[in-house]
Number of protein chains: 2
Amino acid sequence: MAARDYGQSSGITRALELIGERWALLIVRDLLVGPRRYGELAAGLPRIPTNILASRLKELQEAGVLRRAPRSRVIVYELTPFGRELEPVVLALGAWGFKAMGGARDEQAISPDSMTMDLRSAFRPEAAAGLPPTAYAARLDAAELLIRVDGPALDVQRGPGPADLVFEGGRAIHRLITGEIAPQRAITDGLVRVRSGDGLLLDRFATTFRLAA
Amino acid sequence: MAARDYGQSSGITRALELIGERWALLIVRDLLVGPRRYGELAAGLPRIPTNILASRLKELQEAGVLRRAPRSRVIVYELTPFGRELEPVVLALGAWGFKAMGGARDEQAISPDSMTMDLRSAFRPEAAAGLPPTAYAARLDAAELLIRVDGPALDVQRGPGPADLVFEGGRAIHRLITGEIAPQRAITDGLVRVRSGDGLLLDRFATTFRLAA
DNA sequence: CAGTATCCCTGCTGATACTG
DNA sequence: CAGTATCAGCAGGGATACTG
């Protein structure tokens, strides 16, 4: 722990000593969506070496950020209250990074958990407050995300469910949110494929989730 | 840039690719206080190797976070508007880390810039709004900080100036803010030494700046 | 003062193998 | 499945010396 010591006493140095190591904050990000098992974390972070995941989990546990919790025969990792207090940090950092995001290259995956947190980052309660309750279903590579907006409240769940608009096209959502591409243009260009529902609802989606570059 | 690539497309991974390297966010922190010269940055980050400082500055410049700016014969580094948008991130992260901060060890320095940002993190506008305008002067190891609170507005400047309360005791301020020690206790124990003004104003200080653990 | 150059070493990576 | 263990290769960080 001496190696990562910054030799300075301040809030940020302390924070960075706890969650500044490579991969650490991404583990926190995924756990902000919900408790996860070891294999789920590994699946959501495709490039993390398994030994690094194991050591990070141990370090974050010692730091009081997360805990191992037995859940009916299996172990899950979940954030402690202290760890959950990182939510504003992760959301703010995600919002900032989002603005500097070029188009996703093909070799870059989009995990359900990362997309969930990106949606939370980009959610505009003020803009959503005036709109009718809407449920969107977004199909990613393998998973499906059920996004329910009701006034200023947002709920993102994994798995299928009844939705007003069902669409496909994982990596185009990012370009929608940054405003890089217009919703209807995304549909006509085939970047977003509407599977069910009125395609015009994609405009509402793009109004609800937005981060200007 | 391939090494630090997380192989995932999301706001947070992008952010971490830009400012996730060791020392990077500390440079941003100090520049949030104001433009700084190379030597000033080095002085504020006592343990940073000079080659690392040089590469970080280059990388952050390429990332569009900061720029080199000529100021009458000397070069200063200053944040771009994009870089300045990291302020909420740094404040939130600092507030979080602050709560996990044990007492500062002696070998840990407290730089004026880090203290300035810690004060900004811990400032409670709601609590300060009802209090009369107050100026505090805090003497650190070498420098002096002039902290002016006027209603919900906070201004922290370097250097001396007229203050209602002048006190000394850099590392005790942190313990004051976390509530680890009571203001009057800090004075009687000699952790904070009042140089001028009414020592009771330290209570007001501790009300204005607070981060519960 | 504002960096550049050099060298050593730690930690991360990536692959794979193993265990309860 | 949920990890632990091991290991070779390498990039980044640390310490220090050096330069315009």
Side-chain angles (χ1 to χ4, degrees), chain A residues 1-8 13 16-27 30-31 34-63 66-78 107-109 142, chain B residues 1-8 13 16-28 30-31 35-63 66-78 107-109 142:
Chain A
M1 197 68 94
R4 59 173 59 168
D5 179 25
Y6 285 100
Q8 194 174 76
T13 48
L16 291 176
E17 282 161 13
L18 295 180
I19 49 84
E21 296 294 290
R22 191 165 161 79
W23 296 107
L25 208 53
L26 296 181
I27 295 172
D30 286 4
L31 290 183
R36 293 285 179 268
R37 300 169 57 169
Y38 186 93
E40 295 174 321
L41 288 170
L45 273 7
R47 298 253 281 243
I48 195 174
T50 174
N51 53 347
I52 299 292
L53 177 54
S55 10
R56 288 293 172 276
L57 287 173
K58 224 171 272 172
E59 293 160 9
L60 290 172
Q61 196 181 346
E62 278 164 27
L66 56 80
R67 70 167 76 94
R68 302 180 77 205
R71 284 272 188 286
S72 61
R73 298 189 58 88
V74 300
I75 298 262
V76 297
Y77 294 89
E78 63 180 13
E107 70 268 26
Q108 291 192 312
Chain B
M1 197 67 96
R4 59 171 61 168
D5 180 24
Y6 285 99
Q8 194 175 76
T13 48
L16 291 177
E17 282 160 14
L18 296 180
I19 48 84
E21 297 295 292
R22 190 164 161 79
W23 295 107
L25 208 53
L26 296 181
I27 294 172
V28 172
D30 285 4
L31 290 182
R36 292 286 179 266
R37 300 171 56 170
Y38 186 93
E40 295 173 323
L41 289 170
L45 272 9
R47 299 251 283 241
I48 194 175
T50 175
N51 56 341
I52 300 293
L53 177 56
S55 10
R56 287 296 170 273
L57 288 172
K58 225 172 270 171
E59 293 159 10
L60 290 172
Q61 196 181 348
E62 277 164 28
L66 57 80
R67 71 167 76 93
R68 301 181 76 202
R71 285 275 188 285
S72 62
R73 300 190 56 92
V74 299
I75 299 262
V76 297
Y77 295 89
E78 61 180 14
E107 70 267 27
Q108 291 191 312

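First the proteins, then the strands, lettered A, B, ... as listed; each starts at 1. The shown structure was predicted, so the numbers you read here are calculated from the model rather than taken from an experiment.
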Can you list the steps and then say if B/Ile27 with B/Leu53 is a side chain to side chain contact (heavy atoms under 4.5 Å, CB included)? CA-CA 8 Å; B/Ile27 294 172; B/Leu53 177 56; 3.7 Å; yes
Could you please spell out the steps behind the side chain to side chain contact (heavy atoms under 4.5 Å, CB included) verdict for B/Leu66 and B/Val28? CA-CA 8 Å; B/Leu66 57 80; B/Val28 172; 5.9 Å; no
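- Looking at B/Leu31 and B/Tyr77, their side chains come closer than 4.5 Å, going by heavy atoms from C-beta outward.
- Interatomic distance, OG1 of B/Thr50 versus CG of B/Leu41, reported as 11.0 Å (0.5 Å rounding).
- In this structure, the side chain to side chain contact (heavy atoms under 4.5 Å, CB included) partners of B/Ala24, at least two apart in sequence or on a different chain, are B/Arg56, B/Leu60.
- Rounded to whole angstrom, the span from the CD1 atom of B/Ile48 across to the P atom of D/dG13 amounts to 10 Å.
- Rounded to whole Å, the distance from CZ on A/Arg22 to C1' on D/dA11 is 11 Å.
- To the nearest 0.5 Å, the span separating CD on A/Glu78 from CZ on A/Arg36 amounts to 12.0 Å.
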Can you name the atoms? Protein N/O to nucleotides 2-6 of chain D N/O, anything below 3.5 Å, with the distance.
| from | atom 1 | to | atom 2 | distance (Å) |
| --- | --- | --- | --- | --- |
| D/dA2 | OP1 | A/Arg37 | NE | 2.1 |
| D/dA2 | OP1 | A/Arg37 | NH2 | 2.1 |
| D/dA2 | OP2 | A/Gly39 | N | 3.4 |
| D/dG3 | OP1 | A/Arg68 | NH2 | 2.9 |
| D/dG3 | OP1 | A/Tyr77 | OH | 3.1 |
| D/dG3 | OP2 | A/Tyr77 | OH | 3.2 |

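- A/Arg56 comes within 4.0 angstrom of the backbone, heavy atoms only, and of no base.
- In this model, the phosphate group of D/dG12 is not approached by any side-chain N or O of B/Trp23 to a distance below 4.0 Å at OP1 or OP2.
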Pairing annotation in dot-bracket form, given for DNA chain C with Watson-Crick or G-U pairs under 3.5 Å and | for cross-strand partners: ||||||||||||||||||||
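- To the nearest angstrom, C1' of D/dG12 lies 16 Å from CG of B/Asp5.
- Rounded to a whole Å, the CD1 atom of B/Ile52 is 12 Å from the C1' atom of C/dT10.
- Using modelled atom types, one side-chain atom of B/Gln8 and one backbone atom of A/Gly44 make a donor-acceptor pair closer than 3.5 Å.
- Ring pair B/Trp23/A/Tyr6 is perpendicular by interplanar angle, where above 60° counts as perpendicular and below 30° as parallel.
- In this structure, the CG atom of A/Leu45 is 13 Å from the P atom of C/dG14, given to the nearest Å.
- Here A/Leu45 contributes atom CG and A/Ile52 contributes atom CD1; the two are 12.0 Å apart, rounded to the nearest 0.5 Å.
- Per the geometry, CG belonging to A/Leu53 stands 19 Å off P belonging to C/dG11, to the nearest Å.
- Rounded to whole Å, the distance from CD1 on B/Ile27 to C1' on D/dG13 is 13 Å.
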